[in-house]
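Structure, as structure tokens:
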Amino acid sequence: MPTVDDILEHIGEFHLFQKQTFFLLALLSGAFTPIYVGIVFLGFTPNHRCWSLGVAELSQRCGWSLAEELNYTVPGLGSAEEASFLSQCMQYEVDWNQSTVDCGDPLSSLAANRSHLPLSPCQHGWVYDTPGSSIVTEFNLVCAHSWMLDLFQSVVNVGFFIGAIGIGYLADRFGRKFCLLVTILINATSGVLMAVSPNYVWMLVFRFVQGLVSKAGWLIGYILITEFVGLGYRRTVGIFYQVAFTFGLLILAGVAYALPHWRWLQFAVTLPNFCFLLYFWCIPESPRWLISQNKNAKAMKIIKQIAKKNGKSVPASLQRLRADEDAGEKLNPSFLDLVRTPQIRKHTLILMYNWFTSSVLYQGLIMHMGLAGANIYLDFFYSALVEFPAAFIIILTIDRVGRRYPWAASNMMAGAACLASVFIPDDLQWLKVTVACLGRMGITMAYEMVCLVNAELYPTYIRNLGVLVCSSMCDIGGIITPFLVYRLTDIWLEFPLVVFAVVGLIAGGLVLLLPETKGKALPETIEDAENMQRPIKKKEMRIYLQGKKAGLQLS
């Protein structure tokens, strides 16, 4: 029985149809960016202080400048952490309208030393030093309510986790295309509803729904383009599908700069998703999935459409598609299939750990580096640029060296960079930043590699489920990373880097236990996946090449 890869060799592995489909799905990849990292702009927390009607009236009557108003009426101005908390979350418990308060030094008549004046939490809201707005400024998610911003981001990751598993199962059960379109519709609708949410609770609900479907849709798109192209182009489209996400980072920074108000920004990044519903007419179902479900007639119909689009024809000798003789009925994916057999079980456990590691190190290095500056848009833009070299290094090495060794080396480079940073003195700040960038580049490479190799290690009928279940571990990592960074730095500033180093080095070692997938066809059955680790003997290779040559002569 000819495989899909055999047919693609004749009708085009990456011709017009695949290029068009890749472009359309790459747009989907870029559109996922605002959901994954949009919190940077949607939840931006500007400098703030307590609002008081008495202070506002006194400032207007006295003609104070902003600097004078802050100096006279705001407690604890300074750079220390405690002073910052006082200036942003506390206010003097003073009646600013009493007659003894003058314009020169309003507090001098009340106490010789300001530190003796009583303080109280902000009673009437806050004043924010920003021309725009965010969910923080609109719903006052600061001070005692700052945990609500953490919850906003945690809810997205919880949605990612549940959706990756649930929708991954549905995509393998009911098809890639159907689930992709459903996730697009729900994502776009919930995004618009979030933009018009009247309060925090409804905004939280719709953000959770977005998380539930958005990441699953992104990964389904990845699976689709991987299954449409031939063997020689899988790694390229997989990497550039993720590069499209990086382009989305750059575009998001520009859109957020142009639209500093969070509701308009949410509208701008959500409405284009409705255009993706047109993919119903542009992107067919995966022939590989149809064959795995014994829907061979539909699969061959789509293959002929792809051949026509590419200006080719399907040879008659390759049109007799049939299911595996051992499968009397269509195969339904099961979570147990991911751990039932020894090799697939090993693949699953190692892949889950590497997804977790990639998430923890990727986000943790950004948090620990502390890239705080005056311009949030430029900081975000520059940090996104670091990801481009990682993608091109993979492209240059992956076909020459293979998947396994560059992947292991990238994890080890990230771990080694974290360990080296521990011993670099603080006065060599430029060296600390350089090493941190090397670590960021290494873990970005590892992130892209795990997504590429994950799809290559599972048979067709559980491929989507395998990718989504394993990748759900990065959502767990995203939830706990802030606690790892901020709690461990309370013990020792460099403690998180030691943890990251150990985790990264272990991940690199485990990768070496996986089979090399360079130059191998996607496994179609459990048996194919189980035999990936077994090297092909010379006799088997000779028989395979002779059979393939005979088949070409017959066609």
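Position 1 is the first residue of the sequence; numbering continues from there.
Listed for the N187 side chain is no donor-acceptor partner under 3.5 Å among the backbone atoms of V213. A side-chain donor-acceptor contact under 3.5 Å links R400 to the backbone of L396. In this structure a side-chain-to-backbone donor-acceptor pair under 3.5 Å is missing from Q18 to V229. With R263 contributing its side chain and A195 its backbone, the two residues share a donor-acceptor pair below 3.5 Å. Side chain of K346 to main chain of L513: a donor-acceptor pair is present (N/O by atom type, distance under 3.5 Å, no hydrogens or angles).
Using modelled atom types, one finds a donor on one side chain and an acceptor on the other under 3.5 Å when comparing W355 with N454. Judged by distance alone, the side chains of S190 and Q210 never bring a donor and an acceptor atom under 3.5 Å apart. For the 3.5 Å distance criterion, the side chains of T444 and E387 fail to qualify, holding no donor opposite an acceptor. Using modelled atom types and a 3.5 Å distance limit, the side chains of T348 and Y458 yield a donor-acceptor pair.
Contact between G163 and A216 at its shortest, heavy atoms only, is O-CB, 3.8 Å. Nearest heavy atom pair, residue S286 against residue L224, reads CB-CD2, 4.0 Å. Closest approach of L180 to G221, counting heavy atoms only: CD1-N, 4.3 Å. In this structure, M413 and L438 approach most closely via the heavy-atom pair CE-O, 3.6 Å. The minimum heavy-atom distance between P287 and I303, with the atom names listed, is CB-CG1, 4.0 Å. Taking all atoms of both residues into account, the shortest heavy-atom contact from A390 to M441 is CB-O, 3.7 Å.
Residues Y353 and M473 are not in side-chain contact: their nearest non-hydrogen atoms beyond the backbone lie 4.5 Å or more apart. For the pair L250 and L385, the minimum side-chain heavy-atom distance is below 4.5 Å. At a threshold of 4.5 Å between non-hydrogen side-chain atoms, the residues E456 and R403 count as touching. Side-chain contact check for M194 versus L42: some heavy-atom pair is nearer than 4.5 Å. Looking at Q266 and V269, their side chains come closer than 4.5 Å, going by heavy atoms from C-beta outward. Side-chain contact between F240 and I395: present, with at least one pair of heavy atoms (C-beta onward) separated by less than 4.5 Å. Side-chain contact between L457 and P515 is present, with at least one heavy-atom pair separated by less than 4.5 Å. Contact annotation: the side chain of I506 never approaches that of T357 to less than 4.5 Å [non-hydrogen atoms, C-beta and beyond].
Ring planes of Y222 and W218: parallel class, angle under 30° (limits at 30 and 60°). Using cut-offs of 30° and 60° on the angle between ring planes, the pair F32 and F245 is tilted.
E516 CD to W407 CH2: the interatomic distance, rounded to the nearest 0.5 Å, is 10.5 Å. To the nearest 0.5 angstrom, I443 atom CD1 is 12.0 Å from M449 atom CE. Rounding to the nearest 0.5 Å gives a distance of 9.5 Å between OG of S313 and CD1 of I11. Going from atom CG of N310 over to atom CD of E13 covers 11.0 Å, rounded to the nearest 0.5 Å. For the atom pair CG (L24) and CG (L28), the distance works out to 9.5 Å, reported to the nearest 0.5 Å. A distance of 9.5 Å separates OG1 in T189 from CG in N273, rounded to the nearest 0.5 Å.
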Full working for ring pair (Phe, Tyr, Trp, His ring centres under 6.0 Å) between F208 and F160
CA-CA 9 Å; F208 169 75; F160 287 163; over 10 Å; no
Verdict with reasoning, I167 to T183, per side-chain contact (heavy atoms from CB on, under 4.5 Å):
CA-CA 9 Å; I167 298 177; T183 57; 4.0 Å; yes
Step-by-step side-chain contact (heavy atoms from CB on, under 4.5 Å) determination, T341 to R345
CA-CA 6 Å; T341 55; R345 179 167 58 249; 5.9 Å; no
What do the steps show when you test F276 against I283 for side-chain contact (heavy atoms from CB on, under 4.5 Å), and what is the final call?
CA-CA 10 Å; F276 298 143; I283 299 177; over 6 Å; no
Decide yes or no on side-chain contact (heavy atoms from CB on, under 4.5 Å) for V339 and I344, but give the supporting numbers first.
CA-CA 6 Å; V339 294; I344 293 182; over 6 Å; no
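Stacking of K177 on the aromatic ring of F280 is recorded, both the 6.0 Å distance cut-off and the 45° axial limit being met.
Taking the ring centroids of Y377 and F41, they lie under the 6.0 Å cut-off. Here the two rings, on F22 and Y233, have centers that are 6.0 Å apart or farther.
Counting heavy atoms of neighbouring residues, nucleotides and ligands inside a 6.0 Å radius, atom OH of Y405 does not exceed 12 of them. Counting non-hydrogen atoms of neighbouring residues, nucleotides and ligands closer than 6.0 angstrom, the CZ atom of F274 exceeds 12 such neighbours.
Remark: E285 does not engage K295 in a salt bridge, criterion side-chain N to carboxylate O under 4.0 Å.
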